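So you know, we letter chains A, B, ... as the sequences are listed, proteins then strands, and number each from 1. All figures in this text were calculated on a predicted structure; none of them were measured in a lab.
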Amino acid sequence: MSFPCHSLSISTTIAAKTIPLPASPEPDPVSPQFAVLRKIESCKSIEEIKQFHALVIKLRPLQTQFVYNAIIRGVTSFRTGCGSSLEAILLYREMLMKGLVPTDYTIPFLLKACAQEFALREGEEIHVHAIKTGLLGSNVYVKNTLMRVYAVCGVIGAAQKLFDECPQRDLVSWTTLIQGYVKTGSPREAVEVFFRMCEASFVADEMTLVIVLSACAMLGDLSLGKRIYRYMHENGVKRDVFVGNALVDMFLKCGDADLARWIFSEMPMKNVVSWNSMILGLAQQGKFKEALVVYEEMQTIGIRPDDITLVGVLNSCANLGLLESGKWVHAYINKHKISADGFIGNALVDMYSKCGSINQALRVFQGMKHRDVYSYTAIIVGLAMHGEAALALEIFSDMSLVGIRPDEVTFLGLLSACSHAGLADEGQRHFEDMSRVYGLEPQTEHYACMVDLLGRAGLLSDAEEFIKNMPIEPDAFVWGALLGACKVHGKVELGELAMKKLVEIEPERDGAYILMSNMYSSADRWRDALKLRRFMKEKHVKKTPGCSSIELDGIVHEFRKGEKSHPKIEEISRFLEEFTSHLKSYGQQDIIAFA
DNA sequence: CTAGGGTTAG
């Protein structure tokens, strides 16, 4: 969005000198001005407002502060989208040109529009006017709306300063500051401000609590969340639908799905956000099946899902591999003329690629009009999963052509694409570019991916050296990648080192032991393999059975390691054996590429 | 006639 007019031209209007506010007479209830005021207030569209504006320009007696306030209010309340700050400011400028002075009502209207559109520069200019007219010091509405502009624009220091200098703070001032910290990604500070508010003997209302609860959700701090929940009971805060939704969201994000579900079920009023909070929250907790059950319930009751609901449903389908259900959602989207773009488009791309339909994923991606970093990342990760490294790399280079900056996750996809395709040099180059060109700090996942890449290419000593030179502490993923590479290339000694490190980090997991004992077996070191298995038994290392699932004609088939409950398990096992021996005949390298 | 509220992906 761009503003053709950025400046209020302060110097040419009123800012050059401090303006004493003239006492303006209240409009006479029988004057034409009064009648026009009522009419402007009853306008139902921006077009009607504009007609009155035209009238005001023509008729001098209508050019008063009150009339301009009403017009500005109308413009800012009808134009919820873009452009309201510009339009409001143009009206404000016109008002100043006519020699009129803003009132304590004018400034909040203007600032609200600025806050809605994150128009920081315009807000700053109005800030100057608020000082010059003396309104900032005398009116708490002016101060609170100004604080809000700074808060939503991320200038939390300015908001805090205004707050500190404010002699007559009210609950809205506190709430605005708390929200400022939440919006700038500092939930910890937000909660601290809330407790200071309590010390200052203010009692939170529903609006404050919704924000505080969202801070708890961001922190994922369950005991804090429960503490706030108790505070609500102690202070008799009403539980309206907003508070209920915030509670559901908070408890889910803090990992207490049961409490969230209970609150959800007890809510006397629910709206689509309530359902979305449940569905998305459950999905976020990895409870995808539960999320879909809630969605089914929502459908049964007849609540119409919105695009956010569908994102949650698609995400659940993606993670359960439910291609048929995912396709159903896609059909629903088409049927209801929901655009397969933005959030929805990205979720569709992810669903199709996670469900194995990379061609469909590509089709959705190519059909999107607005692609962002999430869209590109989703398709690159998908292509990487499907071994389509060349296309992943091509789409990555498209990204910079259209000016979208990759982020950490994009690189994860890119590096894994290189890794799976055995493109060691190309992967290393991208890894270096990550910090050098894009200023992104590689995380342990990226290092793990590089170890995997080097390991698959057989460059095990390079991988070992790479780990030694890591600027951050290698974690289980890094050692796991090394161990996996050792397994593939039969490097028993290095594998033992990786296993030792893995066991140090997560002694309760069995994966490292299993991999290592398989390695011993492959190297005909049966005694070592046995020793390891015995050790596991002694230490009571819990075994997590591997599980995979696939959907076929709408039925989910689950396979757990060591379990033979599937009706066609023998047929499937026989096929897999044949398939594996077939693969082996292609030679070692091909098997590695497949692994 | 003016200010503060929840859910959004890889």
Side-chain angles (χ1 to χ4, degrees), chain A residues 27 37-38 40-41 65-74 76-77 102-112 115 135 139-149 151-152 170-180 182-183 204-214 217 240-250 252-253 270-281 283-284 306-312 314-315 318 342-351 353-354 361 365 372-382 384-385 406-413:
Chain A
L37 266 175
R38 292 287 87 84
I40 293 172
E41 278 161 16
Q65 295 169 316
F66 303 100
V67 170
Y68 270 100
N69 282 354
I71 292 176
I72 292 172
R73 187 184 76 108
T76 52
S77 63
T103 74
D104 46 353
Y105 284 85
T106 321
I107 303 283
F109 290 138
L110 294 168
L111 290 174
K112 187 182 185 180
L135 289 166
N139 186 295
V140 70
Y141 282 77
V142 171
K143 190 153 272 186
N144 288 345
T145 41
L146 185 57
M147 264 178 67
R148 184 165 170 72
V149 171
V152 300
D170 62 7
L171 188 57
V172 177
S173 321
W174 284 99
T175 307
T176 306
L177 186 64
I178 293 170
Q179 198 191 25
V182 171
K183 285 258 156 92
D205 66 3
E206 292 78 24
M207 295 221 193
T208 317
L209 272 160
V210 164
I211 296 162
V212 174
L213 288 170
S214 79
D240 64 14
V241 67
F242 285 91
V243 174
N245 293 347
L247 278 170
V248 167
D249 177 58
M250 182 275 288
L252 275 165
K253 292 217 171 94
K270 292 189 189 81
N271 59 16
V272 67
V273 178
S274 325
W275 292 91
N276 290 352
S277 300
M278 256 335 258
I279 293 167
L280 290 150
Q284 217 183 18
D306 66 7
D307 49 353
I308 295 174
T309 322
L310 298 176
V311 166
L314 284 170
N315 182 248
F343 280 99
I344 290 277
N346 296 347
L348 278 171
V349 169
D350 185 48
M351 182 278 292
S353 62
K354 282 213 174 79
F365 176 79
D372 59 10
V373 60
Y374 294 103
S375 330
Y376 279 93
T377 303
I379 196 69
I380 288 171
V381 169
M385 281 193 301
D407 68 8
E408 285 88 349
V409 188
T410 322
F411 273 99
L412 219 45

Compare the aromatic ring of F109(A) with the six-membered base ring of dT2(B) and state whether they stack according to the 5.5 Å and 30° rule.
no
Would you classify E206(A) as touching base, sugar-phosphate or nothing, given that sugar-phosphate means primed atoms plus P, OP1 and OP2, and contacts are heavy atoms under 4.0 Å?
base
Just to verify, which of N139(A), V172(A), L171(A) counts as forming a side-chain contact (heavy atoms from CB on, under 4.5 Å) with N144(A)?
V172(A)
Expressed in angstrom and rounded to an integer, what is the separation of L213(A) atom CG from dT7(B) atom P?
10 Å
Any base atoms under 4.0 Å from I308(A), or only sugar-phosphate, or nothing? Heavy atoms, all strands.
base
Value in whole Å for how far the P atom of dA3(B) lies from CG of L177(A)
19 Å
Using 0.5 Å steps for rounding, measure from the CG atom of D306(A) to the CD1 atom of I344(A).
8.5 Å
Taking only side-chain N and O atoms of R148(A), does any of them lie within less than 4.0 angstrom of OP1 or OP2 on dG4(B)?
yes
Please classify the nucleic acid contact of N315(A) as base, sugar-phosphate, or nothing, using heavy-atom distances under 4.0 Å.
sugar-phosphate
Can you figure out which of dG5(B), dT8(B), dG10(B) approaches the side chain of L280(A) most closely?
dT8(B)
Using a 4.0 Å heavy-atom cut-off across all strands, classify V373(A) as base, sugar-phosphate, or nothing.
base
Should the side chain of D205(A) and the base of dG5(B) be counted as holding a donor-acceptor pair, with the cut-off at 3.5 Å?
no
Quick check for you: among dA3(B), dG10(B), dG5(B), whose closest atom lies nearest to any side-chain atom of N144(A)?
dA3(B)
Which value, rounded to the nearest 0.5 Å, describes the distance between T208(A) atom OG1 and W174(A) atom CH2?
11.5 Å
I'd like to know if T176(A) reaches the base of dG4(B) with its side chain, counting only an N/O donor and acceptor under 3.5 Å.
no
Without decimals, in angstroms, what is the distance between M207(A) CE and dA3(B) C1'?
10 Å
Assign V272(A) to base, sugar-phosphate, or nothing according to its heavy-atom contacts below 4.0 angstrom with the strands shown.
nothing
Describe the nucleic acid contact of K183(A) in one word from base, sugar-phosphate, nothing, applying a heavy-atom distance below 4.0 Å.
nothing
Are the ring of Y374(A) and the base ring of dA9(B) both nearer than 5.5 Å at their centres and tilted by less than 30°?
yes
Of the options dA3(B), dT7(B), dA9(B), whose atoms approach the side-chain atoms of K253(A) most closely?
dT7(B)
Closest approach to the side chain of Y105(A), judged atom by atom: which nucleotide of dT7(B), dT8(B), dC1(B) is it?
dC1(B)
Report which part of the nucleic acid T106(A) touches: base, sugar-phosphate, or nothing (heavy-atom distance under 4.0 Å, all strands).
nothing
Ignoring the backbone of S277(A), work out which of dG4(B), dG5(B), dT7(B) is nearest its side chain.
dT7(B)
Closest approach to the side chain of T145(A), judged atom by atom: which nucleotide of dT7(B), dA3(B), dG4(B) is it?
dA3(B)
Give one of base, sugar-phosphate or nothing for L37(A), where a contact means two heavy atoms less than 4.0 Å apart.
nothing
At under 4.0 Å between heavy atoms, what does S173(A) touch on the DNA or RNA strands: base, sugar-phosphate, or nothing?
nothing
Please determine, for the side chain of S214(A), which listed nucleotide (dA9(B), dC1(B), dT7(B)) has the closest atom?
dT7(B)
Checking contacts here: which listed nucleotide (dG10(B), dT2(B), dT7(B)) is nearest the side-chain heavy atoms of D407(A)?
dG10(B)
Does V409(A) reach a base, just sugar-phosphate, or nothing at all? Heavy atoms under 4.0 Å.
base
Look at the side chain of D249(A) and the backbone N and O of L252(A), then say whether any donor-acceptor pair between them is shorter than 3.5 Å.
no
Donor-acceptor pair between S274(A) and S277(A) side chains, under 3.5 angstrom
no
Could you work out, with salt bridge (Lys or Arg N to Asp or Glu O under 4.0 Å) as the rule, every residue matching E206(A), not counting sequence neighbours?
none
Assign D170(A) to base, sugar-phosphate, or nothing according to its heavy-atom contacts below 4.0 angstrom with the strands shown.
base
Roughly how many Å is it from OH in Y141(A) to C1' in dG4(B), rounded to a whole number?
11 Å
Specify the separation, in whole Å, of atom CD of E41(A) and atom C1' of dT2(B).
12 Å
D372(A) CG to dT8(B) C1': how many Å, rounded?
11 Å
Is it the case that the base of dG5(B) and the side chain of T175(A) share a donor-acceptor contact (distance under 3.5 Å, atom types as modelled)?
no
Are K143(A) and S173(A) side-chain neighbours, meaning at least one heavy-atom pair lies under 4.5 Å?
no
What is the distance, rounded to the nearest whole Å, between atom CD1 of I279(A) and atom P of dT7(B)?
15 Å
Is there a side-chain polar atom (N or O) of K112(A) under 4.0 Å from OP1 or OP2 of dC1(B)?
no
Rounded off to whole Å, could you give me the CE-to-C1' distance for the M351(A) and dG10(B) pair?
15 Å
Residue list, side-chain contact (heavy atoms from CB on, under 4.5 Å) with T410(A), at least two apart or on another chain:
V373(A), T377(A), I380(A), F396(A), M399(A), P406(A), D407(A)
Please work out if D350(A) contacts a base, only the sugar-phosphate, or nothing of the nucleic acid, heavy-atom cut-off 4.0 Å.
sugar-phosphate
With heavy atoms under 4.0 Å as the rule, sort K270(A) into base, sugar-phosphate or nothing.
nothing
